[in-house]
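Input: a single structure, listed below in structure tokens.
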Amino acid sequence: MSVKSFAAKIFAGIVNNSTQKWAKNPVATQQKVFEKLLAEAKATQFGQDHNFAGITSYSDFADNVPVRDYEGLKEYVDRVVHGEENVLWPGKPVYFAKTSGTTSGAKYIPLTAASMPFHIQAARNAILAYIHETGKADFVDGKMIFLQGSPVLDEKHGIKFGRLSGIVAHYVPAYLQKNRMPSWETNVIEDWETKVDAIVEETYNEDMAVISGIPSWVQMYFEKLQQKEGRKVGDIFKNFGLFIYGGVNFEPYRAKFENLIGRKVDSIELFPASEGFFAYQDAQTEKGMLLLLNSGIFYEFIKSDEFFTENPRRYTIGEVELGINYVLIISTNAGLWAYNIGDTVAFTSLKPYRIIVTGRIKHYISAFGEHVIGKEVEMALKEAMEGTDISINEFTVAPQINPDNGLPYHEWLIEFEHEPDDIDAFALKIDGAMRRQNVYYDDLIVGNVLRTIVITSVKKNGFQEYMKSVGKLGGQNKLPRLANDRKIADFFNA
């Protein structure tokens, strides 16, 4: 055992003890965060506009601060972007994470001196939790790769901005710098395909132990490695034993990954976003990720099926229940207040509070009132694939409201790695799993409003071509699992 791995085990124990203290006192922990956020921001323009000085309870806060999305907060953010101080949080942000918006064009999410450390600590603590639980620490001596956006940052009005993953790249601890890959020269390449080719050239001969990134883009890296070497990834990197991922559910990719690697490897799921680092997988044997209640974020939750009603009830951490789909609402030390990030979550444990990400509140199919969500399509596909050699690269689902003939249906566009022998039988298995999960969908099938799903096979790398066509190939960009329109489907049916 090296000095570095020995030290990592000791540090992991220290961090675990600290984590346990707040995790065992969730309501009190969140109350402290709530009070601190209000106290620090009461003199800001937002705090004055929303009577922070007069708020003495959570109910006061809910009465004074409505739930907003980016559009609702945009007038304040625009003032910050133009250099104004003390608008949403004291002073100015140190960064803006620039993301692509749907209705507002580019979105600028503030990162402050108060919020930035929590992004770094959470990623570090996820790895330390794994070390503490498993006792495995030798990987800290091997090479680590983080597939991410370019770390080159722009600047306006004294505030730097870029992709979140590019910003975070500037905070890699010194003790990991020698292990970290790819090189700066490769990391700054903007074109994703060129970048992945360069990463392959830099890494194929290295002792890669940890690989991290969004599964769809790591898969692309693995495929290029295999093409170059003609071997399984696990044979190229004999000490590769830990995959760290976030952004999407890994389950639809798992079979393909195990085939590319040639064996199983441990994995850690993260829930990072530009708006905050919300959760990480703290246990290999438990479902869900530990919700970070002590990280400068105050959480509220709204039941998904009530979200679009007038004045839906907002729940705090002590009021949530298992198995219910909630829209995640946050107030943060980056100056986001009662902010709807668009993600939906469900709790898998209340002691401690663990969550799974179930989808996006705007990414659903309800063309006929079925309200199908991301978690349901992912689980249905997983169930249909169990016990088979079928594997997929990527998929998305869209409604077909006006077919050329017959009843409407849900179209599943799937890029197979190994296709089923009988695609119609496979479609029926998916459909059956969907009907068991979603009673509204089942009623529509039984009532002959919809027919069973139709699968459209997408050619190899078809989804990569689509993402490239809309300028979203690589980085933090993710293909929507489902949509209430046919924008993606029409690309493949043109």
Side-chain angles (χ1 to χ4, degrees), residues 12 15-16 18-27 29-30 118-119 121-134 212 214-215 242-254 257 264-273 275-295 297-304 315-330 341-361 363 373-383 386 437 478 481:
V15 170
N16 179 71
S18 176
T19 300
Q20 292 302 314
K21 287 179 182 178
W22 62 256
K24 290 178 179 178
N25 296 281
V27 175
T29 297
Q30 277 284 275
F118 289 109
H119 284 269
Q121 289 173 19
R124 178 202 70 189
N125 290 354
I127 297 174
L128 292 173
Y130 171 81
I131 291 173
H132 180 76
E133 180 193 21
T134 66
S212 176
I214 292 175
L242 183 59
F243 173 52
I244 304 173
Y245 68 95
V248 298
N249 185 357
F250 182 45
E251 289 308 318
Y253 302 94
R254 189 177 292 277
F257 264 60
K264 292 183 178 181
V265 299
D266 288 348
S267 61
I268 302 174
E269 183 177 8
L270 311 178
F271 185 10
E275 297 87 351
F277 203 125
F278 306 122
Y280 60 73
Q281 182 180 350
D282 67 317
Q284 293 288 301
T285 56
E286 300 290 340
K287 184 179 181 181
M289 295 173 284
L290 181 70
L291 186 63
L292 304 181
L293 303 175
N294 193 36
S295 296
I297 302 171
F298 177 71
Y299 298 95
E300 299 174 82
F301 308 89
I302 297 175
K303 292 180 179 179
S304 295
Y315 297 83
T316 56
I317 194 65
E319 300 171 309
V320 296
E321 302 173 62
L322 292 174
I324 292 177
N325 221 39
Y326 292 101
V327 179
L328 185 62
I329 309 297
I330 60 169
I341 66 168
D343 287 317
T344 58
V345 301
F347 285 88
T348 59
S349 167
L350 302 182
K351 290 184 178 180
Y353 284 90
R354 293 193 180 98
I355 59 170
I356 56 171
V357 179
T358 55
R360 299 278 294 170
I361 193 62
H363 291 172
I373 62 173
K375 171 176 168 283
E376 291 169 346
V377 298
E378 288 174 340
M379 290 300 294
L381 185 60
K382 179 185 177 185
E383 184 177 324
E386 283 177 354
Q437 290 186 86
K478 297 161 282 188
R481 278 285 170 255

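Keep in mind that the numbers below use all heavy atoms, side chains included, and drop hydrogens, waters and symmetry copies.
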Got a second to check how far [X]'s [atom1] is from [Y]'s [atom2], nearest 0.5 Å?
| X | Y | atom1 | atom2 | result |
| --- | --- | --- | --- | --- |
| N325 | I356 | CG | CD1 | 8.0 Å |
| L328 | D343 | CG | CG | 7.0 Å |
| I268 | I127 | CD1 | CD1 | 6.0 Å |
| E383 | Q437 | CD | CD | 7.0 Å |
| I244 | L270 | CD1 | CG | 6.5 Å |
| N25 | Q20 | CG | CD | 11.0 Å |

Practice problem: For the pair R354 (side chain) and Q281 (backbone), establish whether a donor and an acceptor sit closer than 3.5 Å, ignoring hydrogens and angles. | Solution: no

Student check: side-chain heavy atoms of [X] and [Y] closer than 4.5 Å:
| X | Y | answer |
| --- | --- | --- |
| L322 | L350 | yes |
| V357 | M289 | yes |
| Y315 | K303 | yes |
| E133 | T285 | yes |
| Y280 | E269 | no |
| I317 | T29 | no |

Practice problem: Kindly determine whether Y245 and S267 satisfy side-chain contact (heavy atoms from CB on, under 4.5 Å), including the steps that lead there. | Solution: CA-CA 8 Å; Y245 68 95; S267 61; 3.9 Å; yes

Quiz item: Is it true that E378 and K375 have a side-chain N and a carboxylate O under 4.0 angstrom from each other?
Solution: no

Self-check item: Contacts of type salt bridge (charged side-chain N to carboxylate O under 4.0 Å, His left out), residue K264, not counting sequence neighbours
Solution: none

Tell me the closest heavy-atom pair linking [X] and [Y], and the distance in Å.
| X | Y | result |
| --- | --- | --- |
| I214 | G246 | CG1-O, 3.6 Å |
| Q30 | I297 | NE2-O, 3.0 Å |
| R481 | V377 | CB-CG2, 4.5 Å |
| S304 | T344 | OG-CG2, 3.7 Å |
| T134 | Q284 | CG2-CG, 4.1 Å |
| L291 | A279 | CA-CB, 4.0 Å |

Practice problem: Among W22, F347, Y299, find the residue that satisfies the ring-ring contact (aromatic ring centres under 6.0 Å, His included) test when tested with Y353. | Solution: F347

Practice problem: Quick one: list whatever passes ring pair (Phe, Tyr, Trp, His ring centres under 6.0 Å) with F278, sequence neighbours left out. | Solution: F271

Practice problem: Hey, can you tell me if Y253 and F257 have their rings parallel, tilted or perpendicular (30° and 60° cut-offs)? | Solution: perpendicular

Quiz item: Mind checking what makes side-chain hydrogen bond (donor to acceptor under 3.5 Å, both in side chains) contact with Y326, not counting sequence neighbours?
Solution: none

Self-check item: Working for side-chain contact (heavy atoms from CB on, under 4.5 Å), residues T19 and L290
Solution: CA-CA 10 Å; T19 300; L290 181 70; 3.7 Å; yes

